[in-house]
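One is the number of the first residue; the rest follow in order along the sequence. Each ligand, and each atom within it, is numbered from 1 in the order the structure gives.
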Amino acid sequence: MRYLSTRGDAASSPTQSFCDILLGGLAPDGGLYLPETYPQVSRAELDAWRQLSYAELAFAVLSKFIDDIPPADLKAICDKTYTAQVYCHARPGDNAADVTPIHWLEQGKLALQELSNGPTLAFKDMAMQLLGNLFEYVLAKRGEEINILGATSGDTGSAAEYAMRGKKGVRVFMLSPDGKMSAFQRAQMYSLQDENIHNIAVRGMFDDAQDIVKAVSNDAAFKAKYKIGAVNSINWARVAAQIVYYFKGYFGATENNDQQVAFCVPSGNFGNICAGHIARMMGLPIGKLILATNENNVLDEFFKTGVYRPRKTAETFVTSSPSMDISKASNFERFVFDLVGRDPAKVRELWAQVDAGNAFDLRGTPYMDKLAGFAFVSGASSHADRLATIRSCWETYGVMIDTHTADGLKVARENPVAGMPTVVLETALPAKFAETIREALGREPEVPADLQGLEKLAQRVEVMDPDVNAVKAFIQARV
Ligand SMILES: Cc1ncc(COP(=O)(O)O)c(C=O)c1O
Ligand SMILES: N[C@@H](CCOP(=O)(O)O)C(=O)O
């Protein structure tokens, strides 16, 4: 399997192998990598995959995307990654061995898929634990090191740091929005004292942090000299790993492969739902992809109108689902690449507008008809909706959900899809957002035993302005 850039022409941007793009992250032309073609899954494969454990399924799906790691080694990496010991925070009564159990709220109709049972209580662990093991494997084979530069709005940071802490040849430099994450999220990251982990809080929003990551990655000389890599979903390996749980969720929510499923995805950077889009393109019977945003509704606006209008920092709200406080969604470029018929020139034209701080408008173009064929619907949620949804989920089903999952459930309920179950992806656990849970329910969320007392630990973080040169200097001083 070879990979191409969303902005590259065959002549100027030669295709790459999986392991090269794993270490490289963003493409040199500023685009994002995607497979040359999406591998297809046959009916016979679906029938066979239905019985597989999560680790076996991960191996089956990832083998379609990775042909430069020997199969026995890839299998060992999947087996080591996807265990009930790593994903140990399943709800009582649900089977941790399923890794991403389906929890029915209404049998056969509405379910949560538990994606947040890993070490940091968010869905990011699903891919990040794999990335940690892949990095370790590939770096050891090549005798290389990597300095990961990432941006987080709350969950990618801790998931990456937990996955990479103590890993040989790996340093992590993680940018977070100063003062905008929950107290628990801050404690998860800033309390880590490992030598290879560096936290930088930038005075700005996630989008400012993500812009810095892209600017540093686009400086080819700096990137090569300091071996800069990525763990955000701009890294294709993140998206590839996230495709797996759509298959697992589909099998868990259906009895046979003639059925369809709707997935509802709390969205910000568009990585999670992009994985769902690709699973669907591979042939997984997904009837609808329901995209849910919080008050930062850029993506909802696009799917409703055809206008993509990223907001500036000053127009981005700080909300009670802070991990979705994103107004410029990186992975949306991957989807638009498919939408415009995989035409890199068109993507370059559209992103020239985005990168200049402007909107693009697809109304009145043939792309709007094509958009309808991709099976998306969307909606948005507010703080009041979030509180009401957390309350009603608790009172109706006895299930406590976090603020992001609440955004998903709210939008899923507003967009019922006839004839198929809807699976809402549970993207974090309530323990991470105790302030809002208290406000909604007047009680504390349960904190898993292994993470109790985290907020009392000493914290270590460098605060700085969102300045690319300052971040480069910080990295230079520590490499
Ligand atoms: C808890 C949670 N929910 C939802 C999202 C949005 O996911 P994505 O950025 O992949 O759209 C994030 C962050 O990415 C998150 O941390
Ligand atoms: N919501 C994320 C933001 C970054 O998303 P990613 O999927 O591109 O890493 C976070 O919580 O940090």
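Of all atoms in ligand 2, numbered sequentially from 1 with element shown, those under 4.0 Å from a heavy atom of Phe206 are 3 (C), 4 (C). With ligand atoms numbered from 1 in the order given, ligand 1 contributes 8 (P), 10 (O), 11 (O) to contacts under 4.0 Å with heavy atoms of Gly271. Within ligand 2, the atoms closer than 4.0 Å to a non-hydrogen atom of Arg238 are 6 (P), 7 (O), 9 (O), numbered from 1 in the order shown. Of all the atoms in ligand 1, the ones that sit under 4.0 Å from a non-hydrogen atom of Asp155 are 1 (C), 2 (C), 15 (C), 16 (O). The contact set between ligand 1 and Ala428, taken as ligand atoms under 4.0 Å from a residue heavy atom, comprises 1 (C).
With a heavy-atom cut-off of 4.0 Å, Asp155 touches ligand 2 through backbone and side chain alike. Contact annotation for Gln210 and ligand 2: no heavy atom of the residue comes within less than 4.0 Å of the ligand.
Here the heavy atom of the protein found nearest to atom 12 (O) of ligand 2 is Thr152 OG1, 2.5 Å. Looking only at protein heavy atoms, the nearest one to atom 5 (O) of ligand 2 is Lys124 NZ, 3.3 Å. When only non-hydrogen protein atoms are considered, atom 10 (C) of ligand 2 lies nearest to Ser153 OG, 3.1 Å. For atom 8 (O) of ligand 2, the closest heavy atom belonging to the protein is Ser233 OG, 2.5 Å.
The shortest N or O to N or O distance between Gly268 and ligand 1 is below 3.5 Å. At a 3.5 angstrom cut-off on N or O pairs, Ser267 does not count as close to ligand 1. Annotation: Asn272 places an N or O atom under 3.5 Å from an N or O atom of ligand 1; distance criterion only. Distances between N or O atoms of Asn331 and those of ligand 2 include no value under 3.5 Å. The shortest N/O to N/O separation between Phe123 and ligand 1 does not fall below 3.5 Å. Between Met324 and ligand 1, no pair of N/O atoms sits closer than 3.5 Å. Taking any N or O of His404, backbone or side chain, none lies under 3.5 Å from an N or O belonging to ligand 1.
Remark: among candidates Ser233, Pro266, Ala329, the nearest residue to atom 4 (C) of ligand 1 is Pro266, based on non-hydrogen atoms. The residue from Val265, Asn269, Thr156, Leu291 that puts a heavy atom closest to atom 8 (P) of ligand 1 is Asn269.
Between Ser267 and Asn272, the closest side-chain pair of non-hydrogen atoms is not below 4.5 Å. Taking the side chain as every heavy atom from C-beta outward, Val170 and Ile148 approach each other to under 4.5 Å. Met282 is not listed as a side-chain neighbour of Leu284, based on a closest heavy-atom distance of 4.5 Å or more.
The closest approach between any non-hydrogen atom of Met324 and ligand 2 is not below 4.0 Å. For the pair Ser330 and ligand 2, no heavy-atom separation below 4.0 Å is found. Note on ligand 1: Gln242 sits outside its first shell, no heavy atom being nearer than 4.0 Å. Judged by the shortest distance from any of its heavy atoms, Ala122 lies outside the 4.0 Å radius around the atoms of ligand 1. Residue contact annotation: Gly271 has no non-hydrogen atom under 4.0 Å from ligand 2.
Side-chain atoms of Asp125 come within 3.5 Å of backbone atoms of Thr120 as a donor-acceptor pair (strictly under, hydrogens ignored). In terms of modelled atom types and a separation under 3.5 Å, the side chain of Asp325 and the main chain of Thr319 share a donor-acceptor contact.
A distance below 6.0 Å separates the ring centres of Phe433 and His404. Aromatic ring centroids of Trp236 and Phe65 lie under 6.0 Å apart. For Phe270 and Phe332, the ring centers are positioned less than 6.0 Å apart.
Aromatic ring orientation, Phe173 versus His198: parallel (interplanar angle below 30°, classes split at 30° and 60°). A perpendicular orientation is assigned to the rings of Phe374 and Phe335, their planes being inclined by more than 60° (bins at 30° and 60°). Aromatic ring orientation, Phe360 versus Tyr308: tilted (interplanar angle from 30° to 60°).
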